[in-house]
Amino acid sequence: SGPLRFRRALGVGPAFSRNVVAGPAVVRACAMIYPLFRPLLFTLDPETAHDMAFASLDVAARFGIVQALAPRPAPSPVTAMGLEFPNRVGLAAGLDKNAAHIDGLAALGFGFIECGTVTPRAQPGNPKPRLFRLPEAEALVNRLGFNNDGVERFLANAARAKWGGILGLNIGKNFDTPNARATDDYLACLRAVYGRASYVTINISSPNTKGLRDLQAEEALGRLLRALKAEQKALCELHGKYTPMAVKIAPDLTLPAIDG
C-alpha cells in the first residue's frame, strides 16, 4: 500500500504529506484505463483534459464502473492526528480544488481525500495557459494559482458528497489580500470549513501566489498560528468536536528554517 509519509501538524503531532502515495489498486486501475483515453486527452489542452477527466470519473463512479475496475485496497489502518485512516493511500489537495468530485475520487479507494485550496472569495487564478505537459517525464507543471469558486460554493459541494471517509479541507488566502491581513482570510475559511472537515490544512507554501511563502517567516507564522489555535479552541466548543489542523510548508525549506 505504499510508504507512509508524515509531516508536522499543528499542535497534535504528525500529519500526512501532500504527496500522493499511490497504492497497487489505484495504480492497476489507472494502468487499465489511461492508455485507452490518452490519445484523446492529448488532443486537448491540459486544463480542458483535466476537466473532461473529472467529468468522466463522476459519471463512471455514478454507474459503478470505477468501483468495478478499481479493486479495493487491502485494509492498512493507521492513526494520525487522532484520526484513524483506513489505508495509507491518500489524495493531496490541488486536484479537486472545489470539493466537486469527492464521490468519484473516493470510488478509487483512497484512505483520505484532501480538497482545496479554497479561499474566502472566488478567484480565477493565474492567466491561461497555466498547466503544461512534460510527456518525457510523464509529468505536469502546475501554475494554476489558487483558482477556486470560493468557500461558500466549496462547502455546498462538500455537503452533497455521499462519501463518509476522512476529508481534509485545505485553506488559503485570496491573492489580493495583503499579508498584513492574511490572518483574516485564514480565520474566515477555518470558521467556514471546521464543522465539515476531518482535518484542516493551512496552506502557506504555494509558489503560485505572490508573497504567500513570506508567511513562513518565524514572526509571521507565529502570529498566524496563535490566531488559528485560539479560533480552533472556540470552534471546538461551538461544534462539540475537535478538528485537527496541519500546516503545509514549502518542500524546499531547509531544516534550520523549519526548526527556526
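Computed from a prediction, not measured in an experiment: that's the story for all the values here.
- Around the CZ atom of Arg143, the shell of radius 6.0 Å holds no more than 12 heavy atoms that belong to other residues, nucleotides or ligands.
- Using modelled atom types, no side-chain atom of Glu114 and backbone atom of Asn170 make a donor-acceptor pair closer than 3.5 Å.
- Cluster membership check: Ile204 shares its hydrophobic cluster with Leu190, using side-chain heavy-atom separations under 4.5 Å among Ile, Leu, Val, Met, Phe, Trp and Tyr.
- Here the closest non-hydrogen pair linking Asn147 and Arg130 is ND2-NH2, 3.7 Å.
- Relative ring orientation between Phe85 and Phe112 is described as perpendicular, the plane-to-plane angle rising above 60° on a 0-90° scale split at 30° and 60°.
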Extract all donor-acceptor atom pairs below 3.5 Å that involve side chains of residues 176-184 and protein atoms in other chains or at least two apart in sequence.
residue, atom, partner, partner atom, Å
Asp176, OD1, Arg121, NH2, 2.8
Thr177, OG1, Asp185, OD2, 2.7
Asn179, ND2, Gly211, O, 2.9

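- Nearest heavy-atom pair, Asn98 versus Asp149, reported as atom, atom and distance to 0.1 Å: OD1-N, 2.7 Å.
- With a 6.0 Å radius and a threshold of 12 heavy atoms from other residues, nucleotides or ligands, Arg153 has its CZ atom at or below the threshold.
- Atom CZ of Phe42 sits in a crowded spot, with more than 12 heavy atoms from other residues, nucleotides or ligands closer than 6.0 Å.
- The minimum heavy-atom distance between Met52 and Leu41, with the atom names listed, is SD-CD2, 4.5 Å.
- Remark: Lys241 qualifies as a cation-pi partner of Tyr194 under the 6.0 Å distance and 45° angle criteria applied to the six-membered ring.
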| query | Which is it for Thr117 and Lys97 under the side-chain contact (heavy atoms from CB on, under 4.5 Å) test, yes or no, and what are the steps along the way? | reply | CA-CA 6 Å; Thr117 298; Lys97 288 176 174 285; 5.8 Å; no
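- In this structure a side-chain-to-backbone donor-acceptor pair under 3.5 Å is missing from Ser76 to Asn87.
- Taking both residues in full, the closest heavy atoms of Ile102 and Asp96 are given as N-OD2, 3.5 Å, listed atom of the first, atom of the second, then distance.
- The backbone N or O of Ala161 lies less than 3.5 Å from no partner atom in the side chain of Asp103, so there is not a single donor-acceptor pair.
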side-chain contact (heavy atoms from CB on, under 4.5 Å) between Thr243 and Leu235, intermediate numbers included: CA-CA 9 Å; Thr243 300; Leu235 291 168; over 6 Å; no
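- The shortest non-hydrogen separation linking Cys189 to Gly172 is SG-O, 4.0 Å.
- A salt bridge links Glu219 with Arg223: the distance from a Lys NZ or Arg NE/NH1/NH2 to an Asp or Glu carboxylate oxygen falls below 4.0 Å.
- Shown here is Lys128, whose NZ atom has no more than 12 heavy atoms of other residues, nucleotides or ligands within 6.0 Å.
- Residues Asn148 and Val118 come closest through the heavy atom pair OD1-CG2, 3.5 Å.
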